[in-house]
Number of protein chains: 2
Amino acid sequence: MMKNYFKSVIPETTLRRMVYYTRCLNSFKNEGVKLIQSEDIAKKCGVKSSVVRKDLSYFGEFGVRGKGYDVESLLSTINGITNTFGKMNAALIGVGKLGSAIIKHSTENFNVKIIAAFDKDKKKINKEIGETKVYSVKDIENIIKKYKIKIAIIAIPPSDVQEIVDILVKAGIKAILSLALIPLNVPDDVEVSFVDVLSEVEFLFYKLSLRRNI
Amino acid sequence: MMKNYFKSVIPETTLRRMVYYTRCLNSFKNEGVKLIQSEDIAKKCGVKSSVVRKDLSYFGEFGVRGKGYDVESLLSTINGITNTFGKMNAALIGVGKLGSAIIKHSTENFNVKIIAAFDKDKKKINKEIGETKVYSVKDIENIIKKYKIKIAIIAIPPSDVQEIVDILVKAGIKAILSLALIPLNVPDDVEVSFVDVLSEVEFLFYKLSLRRNI
DNA sequence: TATACTATGTGCTTGTGATAACAAGAGCAA
DNA sequence: TTGCTCTTGTTATCACAAGCACATAGTATA
Ligand SMILES: NC(=O)c1ccc[n+]([C@@H]2O[C@H](COP(=O)([O-])OP(=O)(O)OC[C@H]3O[C@@H](n4cnc5c(N)ncnc54)[C@H](O)[C@@H]3O)[C@@H](O)[C@H]2O)c1
Ligand SMILES: NC(=O)c1ccc[n+]([C@@H]2O[C@H](COP(=O)([O-])OP(=O)(O)OC[C@H]3O[C@@H](n4cnc5c(N)ncnc54)[C@H](O)[C@@H]3O)[C@@H](O)[C@H]2O)c1
């Protein structure tokens with residue numbers, strides 16, 4: 001039987017769901033659950049069980065037929081594949097309202113850890129929020145290189161974003177999550193993605209209004 | 001020639017892009033640009049021009065062959081179709097760090113307007129943030145009904161979310177955007193969507209790590 | 001009025017993801 | 001061992017979205 005280890009390409013949708021599966025598995029683990037079925041994961045994540053099995057099968061065979069999946073071993077297998085081992089260190093630029101909300105949020109979430117934050121406001125520099133220290137933007141390159149950080153979250157006003165992006169790329173950042181909705185100029189090997197609450201709300205407005213019109 | 005007004009179903013992907021198209025059009029309008037081509041929109045939104053034309057064609061024929069689209073009339077046509085006319089009033093629950101960042105963000109964005117915010121903290125109630133007044137959670141039903149608000153954003157701790165969701169649904173809310181990552185229990189006619197910065201960051205970690213392994 | 005030109009709108013192909021249905025494998029009991 | 005049950009892993013099918021490529025319909029110019 002051909003094993004699917006690292007099939008040429010894994011669908012982005014699958015990768016997105018993997019995030020939810022690991023959360024779900026962690027939550028089962030914390031409840032002391034040892035063994036689960038694809039159906040259990042599916043219910044908790046709001047997808048179909050066949051989707052769960054298909055997704056996992058992109059990486060290999062981890063279950064036991066007739067039984068299910070061992071929670072702990074499935075978790076550590078996924079951690080091994082993604083090389084993250086549950087510890088994902090990221091940087092954050094802009095310790096304003098939004099930035100500090102994200103830092104606090106990350107302390108409640110056991111996966112992503114913001115290990116360094118940056119701001120240009122002297123009043124904020126050298127403060128600590130939980131375990132996260134706030135540095136000057138001048139130190140971005142030093143700190144990013146020192147801690148070998150590969151992913152950064154940007155939560156500053158749009159006008160300054162590209163300038164900061166250039167610094168981040170120079171420092172070796174390989175993926176950027178921007179909360180400002182302006183196009184970013186980056187080399188091909190740097191992943192960029194955007195998150196915006198209000199765009200999502202607008203989308204919901206469109207969806208509602210068209211629903212009535214059909 | 002059959003006009004496509006309200007073709008049976010419009011793809012979700014199209015609807016998501018419509019949000020970006022309208023922003024793009026507004027930005028062109030503000031720059032004083034009168035006439036544009038699908039190529040212009042495409043470049044600004046990072047998609048292909050054929051996608052733009054296909055998307056618009058789901059709603060009808062708005063362009064002039066050999067010329068392009070009239071910015072202003074295309075905008076008002078879309079506003080007419082979506083019945084939003086550029087004014088999208090939403091409510092927000094939880095005026096903490098995240099909530100107040102979103103309210104501020106909405107003042108910088110000319111589309112979605114947070115016309116009412118709610119909190120349970122007495123110190124925050126009756127304050128005003130920009131033009132947004134903060135009410136007590138006890139007033140949710142009254143205010144939502146009074147202003148006929150159909151969409152709500154939830155930015156409170158996960159533990160209290162379902163309780164608030166029930167109140168919102170009872171008050172007539174038809175779409176909920178939650179920033180807490182717990183499954184919501186709602187009737188079938190209520191749309192639910194989630195936004196989470198850290199899930200997106202985890203996804204980027206997975207993407208990066210698998211990129212190296214292929 | 002004719003001709004060249006330009007960008008739209010759309011039919012069609014291609015690729016990708018979702019879903020269902022089923023075969024295969026593991027455990028268990030007699 | 002044989003047969004039964006249970007859940008995985010996989011295959012085959014369906015649905016949908018992306019993108020090409022061109023006919024179409026409008027403008028501009030002479
Ligand atoms: N995508 C979303 O869903 C979303 C939601 C809310 C806000 N936003 C956006 O996020 C940004 C921040 O919002 P906020 O409410 O936290 O604003 P804020 O004013 O509270 O905070 C901004 C912070 O960034 C710092 N800063 C500014 N320029 C900087 C620079 N060049 N280098 C380093 N630090 C810099 C400031 O000192 C401040 O601490 C805004 O532009 C807003 O539009 C996006
Ligand atoms: N999805 C994301 O990207 C994201 C990012 C950051 C934070 N969060 C989540 O958003 C939530 C809020 O974060 P924050 O940093 O603003 O926290 P916060 O403590 O600053 O604010 C929470 C606010 O909600 C109010 N509140 C609490 N319970 C309430 C209730 N039952 N009814 C009405 N109001 C209530 C509080 O009074 C407070 O004003 C947290 O649970 C956090 O995990 C999500």
Side-chain angles (χ1 to χ4, degrees), chain A residues 1-18 20-21 25 28 33-71 73-74 77-78 81 203 207 210 214, chain B residues 1-21 25 28 33-71 73-74 77-78 81 203 207 210:
Chain A
M1 276 313 116
M2 238 280 277
K3 284 238 176 181
N4 284 336
Y5 271 99
F6 306 129
K7 230 182 198 172
S8 55
V9 173
I10 289 155
E12 288 229 344
T13 46
T14 294
L15 235 41
R16 280 218 146 74
R17 284 189 295 265
M18 292 307 288
Y20 295 100
Y21 299 161
L25 288 168
F28 276 125
V33 180
K34 299 286 180 209
L35 188 81
I36 47 154
Q37 274 100 52
S38 57
E39 186 63 37
D40 302 326
I41 304 180
K43 277 231 183 75
K44 203 147 182 171
C45 298
V47 298
K48 307 217 169 191
S49 63
S50 60
V51 172
V52 174
R53 294 198 298 275
K54 186 86 188 273
D55 285 341
L56 292 176
S57 79
Y58 282 111
F59 300 97
E61 302 187 7
F62 311 123
V64 180
R65 294 176 192 217
K67 245 180 127 190
Y69 302 86
D70 180 87
V71 174
S73 91
L74 182 53
T77 306
I78 295 176
I81 292 168
F203 166 69
K207 216 168 161 182
L210 289 178
I214 288 169
Chain B
M1 277 309 118
M2 236 281 279
K3 283 240 176 181
N4 284 337
Y5 270 99
F6 307 129
K7 232 182 197 173
S8 56
V9 174
I10 288 152
E12 288 231 346
T13 46
T14 294
L15 235 40
R16 279 220 145 72
R17 283 191 294 266
M18 292 307 287
V19 174
Y20 295 100
Y21 299 161
L25 288 168
F28 276 126
V33 180
K34 298 284 180 211
L35 188 82
I36 47 155
Q37 275 99 51
S38 57
E39 187 63 37
D40 303 325
I41 304 180
K43 277 231 182 75
K44 203 147 182 171
C45 298
V47 298
K48 306 220 168 190
S49 62
S50 60
V51 172
V52 174
R53 293 197 300 276
K54 221 343 167 357
D55 284 341
L56 292 176
S57 80
Y58 283 109
F59 301 97
E61 303 187 8
F62 311 121
V64 180
R65 296 178 191 214
K67 239 181 133 189
Y69 303 86
D70 180 86
V71 174
S73 90
L74 183 52
T77 307
I78 295 176
I81 292 168
F203 165 70
K207 215 167 162 184
L210 288 178

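Proteins come first, then strands; the chains are lettered A, B, ... in the order of their sequence lines, and each starts at number 1.
For the helix from C:dT1-D:dA30 to C:dA30-D:dT1, the rotation axes defined at the first and last 5 base pairs enclose an angle of 0°, given to the nearest 10°.
B:K54 contributes a side-chain N or O that forms a donor-acceptor pair with the base of D:dG19 under 3.5 Å.
Near DNA chain D, defined here as any heavy-atom distance below 4.0 Å, the residues from residues 35-51 of chain B are B:K48, B:S50, B:V51, listed numerically.
The separation between A:R65 atom CZ and C:dC22 atom C1' is 11 Å, rounded to whole Å. The CZ atom of A:F62 sits 16 Å away from the P atom of C:dA26 (whole-angstrom rounding). Rounded to a whole Å, the CG atom of B:D70 is 13 Å from the P atom of C:dT8. To the nearest angstrom, P of C:dA18 lies 13 Å from CD of B:E12. In this entry the distance linking CZ of B:R16 with C1' of D:dA17 reads 14 Å, nearest Å. D:dC16 atom P lies 16 Å from atom CG of B:D55, rounded to whole Å. The OH-P distance, from A:Y58 to D:dT11, rounds to 12 Å in whole Å. Taking atom NZ of residue A:K67 and atom P of nucleotide C:dA26, one finds them 12 Å apart after rounding to whole Å.
B:M18 approaches B:L56 most closely through the heavy-atom pair CE-CD2, 4.2 Å. In terms of heavy-atom proximity, B:L210 sits nearest to A:I10 at CD1-CD1, 4.1 Å. When all heavy atoms of A:S38 and A:S49 are compared, the pair lying nearest together is OG-CB, 3.8 Å.
The environment of A:K67 atom NZ is sparse: at most 12 non-hydrogen atoms of other residues, nucleotides or ligands sit within 6.0 angstrom. Around the NZ atom of B:K44, the shell of radius 6.0 Å holds more than 12 heavy atoms that belong to other residues, nucleotides or ligands.
OP1 or OP2 of C:dG9 has at least one side-chain nitrogen or oxygen of B:Y69 nearer than 4.0 Å. Side-chain N/O atoms of A:T13 include none lying less than 4.0 angstrom from OP1 or OP2 on C:dT16. Not one side-chain nitrogen or oxygen of A:R53 sits closer than 4.0 Å to the OP1 or OP2 atom of D:dG9.
With contacts defined as side-chain heavy-atom distances shorter than 4.5 Å, the pair B:L35/B:V64 does not qualify. Between B:V47 and B:Y21, the closest side-chain pair of non-hydrogen atoms falls below 4.5 Å. Looking only at side-chain heavy atoms (C-beta outward), B:I81 and B:F62 come within less than 4.5 Å of each other.
Each of A:R17 and A:V64 lies near DNA chain C, and the nucleotide nearest A:R17 is the one positioned closer to the 5' end. Taking for each of A:P11 and B:G68 the nucleotide of DNA chain C with the nearest heavy atom, the 5'-most of the two is the partner of B:G68.
Every residue meeting the side-chain contact (heavy atoms from CB on, under 4.5 Å) condition with A:K48, not counting sequence neighbours, appears here in chain and number order: A:S50, A:V51.
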